[in-house]
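Quantities reported herein were computed from a predicted structural model and do not represent experimental measurements. For ligands, and for the atoms within them, numbers begin at 1 and follow the listed sequence. Keep in mind that the numbers below use all heavy atoms, side chains included, and drop hydrogens, waters and symmetry copies. Note that the numbering runs from 1 along the sequence shown for the chain.
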Amino acid sequence: MCDTSTPLVFAGDSMPVFRALSKVAKQALLAPACGCQPLTVAIRNISFSPRQVTSGSDASFHSVSFSETDHPKVLITGGLGQLGVGLAKLLRYAHCSIYTVYKSINLLHCRCIYKCNVLHKNVFYIIKLYLLTHRKRFGKNNVILSDIRKPPSNVFHSGPFIYSDILDYKNLREIVVNNRITWLVHYSALLSAVGEANVALARAVNITGLHNILDIAAEHGLRLFVPSTIGAFGPTSPRNPTPDLCVQRPRTIYGVSKVHAELMGEYYHHRYGLDFRCLRYPGIISADSQPGGGTTDYAVQIFHDAVKTGKFECNLKPDTRLPMMYIDDCLRATLEVMEAPAESLSMRTYNINAMSFTPEELAKEVQKQLPDLQVTYEIDSVRQAIADSWPMNFDDSNARNDWCWKHDYDLPELVQTMLNFIGSDSRIAQAN
Ligand SMILES: NC(=O)c1ccc[n+]([C@@H]2O[C@H](COP(=O)([O-])OP(=O)(O)OC[C@H]3O[C@@H](n4cnc5c(N)ncnc54)[C@H](O)[C@@H]3O)[C@@H](O)[C@H]2O)c1
Ligand SMILES: C[C@@H](O)[C@H](N)C(=O)O
């Protein structure tokens with residue numbers, strides 16, 4: 001359940017007060033007045049690889065110890081694509097979420113925190129105050145970017161980077177072991193359009209690579225995030241809106257591989273206790289990173305072309321409606337679902353959404369800022385066929401209910417933010 005109340009603001013030197021309050025909170029929770037059983041701290045079981053599991057073994061629960069989840073050590077695969085660098089930046093410098101703070105003082109061990117009694121409400125406010133004064137970060141060195149490509153120098157110098165080919169199982173295992181990785185964010189993939197252009201490679205990276213990732217994660221008790229996509233649905237799925245659970249018969253190798261990832265991750269969760277978490281992202285729009293060959297790429301390109309040339313040729317029809325999201329919302333959602341307590345997740349794969357628009361609607365919004373922008377249409381038949389089989393609107397009510405997902409950017413804010421970013425970048429480039 002989600003708490004939406006306003007955080008309290010506190011001024012002055014609060015440390016002694018908080019220490020005292022924290023102590024009271026801890027004591028109260030060791031013997032809750034409501035009669036809840038305080039749960040014991042989870043202890044990591046001996047881990048094993050599904051590669052080593054004989055058939056008929058019992059499902060085993062893997063959980064990471066508290067000291068490890070307090071300071072996750074994160075590996076991001078495919079980190080040099082559109083999303084990875086931004087995620088690394090967010091994780092390296094993100095403030096702890098309220099969930100992490102709950103954990104750190106064992107509050108999660110009282111399951112009825114939200115509903116029982118006044119004591120718990122007071123404890124909740126204490127935590128909020130605690131949060132405001134105990135903000136901390138994952139730390140630069142606790143987030144490792146990896147890819148098979150050479151990183152640009154600004155990325156290379158911004159924090160740890162390591163070569164990792166997800167098709168090389170032993171290399172992956174070595175990285176996880178040597179760096180004591182506890183969270184794995186698996187971004188490597190071939191997207192929808194490039195996947196159709198190279199099906200064999202897409203099958204290898206998106207399916208064989210995923211199998212390596214699942215086994216490594218299960219073997220080492222990692223928390224694993226794998227993004228899925230609106231592309232995991234197909235023409236026989238309800239398109240307006242598309243719920244979490246419905247027919248999924250995608251017509252691209254990308255979509256097929258993502259449905260496979262969802263199902264395999266959920267299977268490993270049930271079978272081996274793997275802490276698998278998955279969000280189905282809409283098309284993601286970012287200013288400082290380029291998309292990697294998808295169907296929704298037009299919604300990024302329009303901004304660059306509008307600022308640089310004032311002309312944009314769109315490869316989708318003007319009325320093609322698709323769900324979209326600004327990158328900051330996408331990365332925040334990823335962090336939030338990774339930090340959400342397992343108890344709050346009623347499922348392991350969630351739709352998330354922010355807005356839905358057509359090329360025509362996007363162009364009109366951009367033209368409010370840049371009235372001279374000229375848009376023409378030259379349809380790419382492969383991309384158009386893909387887009388026509390995808391959701392038009394995404395129902396993300398489960399994410400909103402379970403772990404309080406809420407987007408910040410709608411279309412007007414998205415357009416303003418993108419133009420500010422790209423506009424200021426190009427002014428800097430001109431000045432140099
Ligand atoms: N960007 C979006 O709009 C969007 C939407 C929905 C889901 N997603 C998912 O989010 C994830 C990240 O997306 P992105 O846009 O950053 O993708 P991207 O195509 O920009 O980047 C993918 C990265 O994977 C790397 N890669 C390819 N083969 C590899 C291998 N063998 N080993 C290791 N790395 C390899 C590439 O070098 C590339 O840097 C993907 O799984 C994608 O399916 C993205
Ligand atoms: C939607 C998403 O998965 C990606 N941007 C693509 O178009 O392939």
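- Counted by atom type alone, Ser286 and Gln82 present one or more donor-acceptor pairs between their side chains at under 3.5 Å.
- Judged by distance alone, the side chains of Tyr268 and Asp215 do bring a donor and an acceptor atom under 3.5 Å apart.
- Asp388 and Gln384 share a side-chain donor-acceptor pair at under 3.5 Å.
- Classification of the Trp403-Trp405 ring pair by plane angle, with boundaries at 30° and 60°, yields tilted.
- No option in Asn141, Ile181, Leu184 other than Ile181 meets the side-chain contact (heavy atoms from CB on, under 4.5 Å) test with Lys73.
- A donor and an acceptor atom, one from each side chain of Asp402 and Ser346, are located under 3.5 Å apart.
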Under the side chain to side chain donor-acceptor pair (under 3.5 Å) rule, what do Asp305 and Gln301 come out as? Steps first, then yes or no, please. CA-CA 6 Å; Asp305 291 0; Gln301 197 57 42; 2.9 Å; yes

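- Under the 30°/60° scheme for interplanar angles, the aromatic rings of Tyr409 and Tyr326 are found to be tilted.
- If you check the side chains of Ser228 and Glu262, you find a donor sitting under 3.5 Å from an acceptor.
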Report each N/O pair between ligand 1 and the protein that falls under 3.5 Å, naming both atoms.
{"residue": "ligand 1", "atom": "1 (N)", "partner": "Gln82", "partner atom": "OE1", "Å": "2.8"}
{"residue": "ligand 1", "atom": "3 (O)", "partner": "Ile284", "partner atom": "N", "Å": "2.9"}
{"residue": "ligand 1", "atom": "16 (O)", "partner": "Gln82", "partner atom": "N", "Å": "3.0"}
{"residue": "ligand 1", "atom": "16 (O)", "partner": "Leu83", "partner atom": "N", "Å": "3.0"}
{"residue": "ligand 1", "atom": "20 (O)", "partner": "Gln82", "partner atom": "N", "Å": "2.8"}
{"residue": "ligand 1", "atom": "31 (N)", "partner": "Asp165", "partner atom": "OD1", "Å": "2.9"}
{"residue": "ligand 1", "atom": "32 (N)", "partner": "Ile166", "partner atom": "N", "Å": "3.1"}
{"residue": "ligand 1", "atom": "34 (N)", "partner": "Ser188", "partner atom": "OG", "Å": "3.0"}
{"residue": "ligand 1", "atom": "37 (O)", "partner": "Asp147", "partner atom": "OD1", "Å": "2.7"}
{"residue": "ligand 1", "atom": "37 (O)", "partner": "Arg149", "partner atom": "NE", "Å": "3.1"}
{"residue": "ligand 1", "atom": "39 (O)", "partner": "Gly81", "partner atom": "N", "Å": "3.3"}
{"residue": "ligand 1", "atom": "39 (O)", "partner": "Asp147", "partner atom": "OD2", "Å": "2.7"}
{"residue": "ligand 1", "atom": "39 (O)", "partner": "Arg149", "partner atom": "NE", "Å": "3.4"}
{"residue": "ligand 1", "atom": "39 (O)", "partner": "Arg149", "partner atom": "NH2", "Å": "2.8"}
{"residue": "ligand 1", "atom": "41 (O)", "partner": "Tyr187", "partner atom": "O", "Å": "3.3"}
{"residue": "ligand 1", "atom": "41 (O)", "partner": "Lys258", "partner atom": "NZ", "Å": "2.9"}
{"residue": "ligand 1", "atom": "43 (O)", "partner": "Tyr254", "partner atom": "OH", "Å": "2.6"}
{"residue": "ligand 1", "atom": "43 (O)", "partner": "Lys258", "partner atom": "NZ", "Å": "3.1"}

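- Listed by chain and residue number, the protein contacts of ligand 2 are Leu191, Ser192, Thr229, Ile230, Tyr254, Gly294, Thr295, Thr296, Trp390 (heavy atom within 4.0 angstrom).
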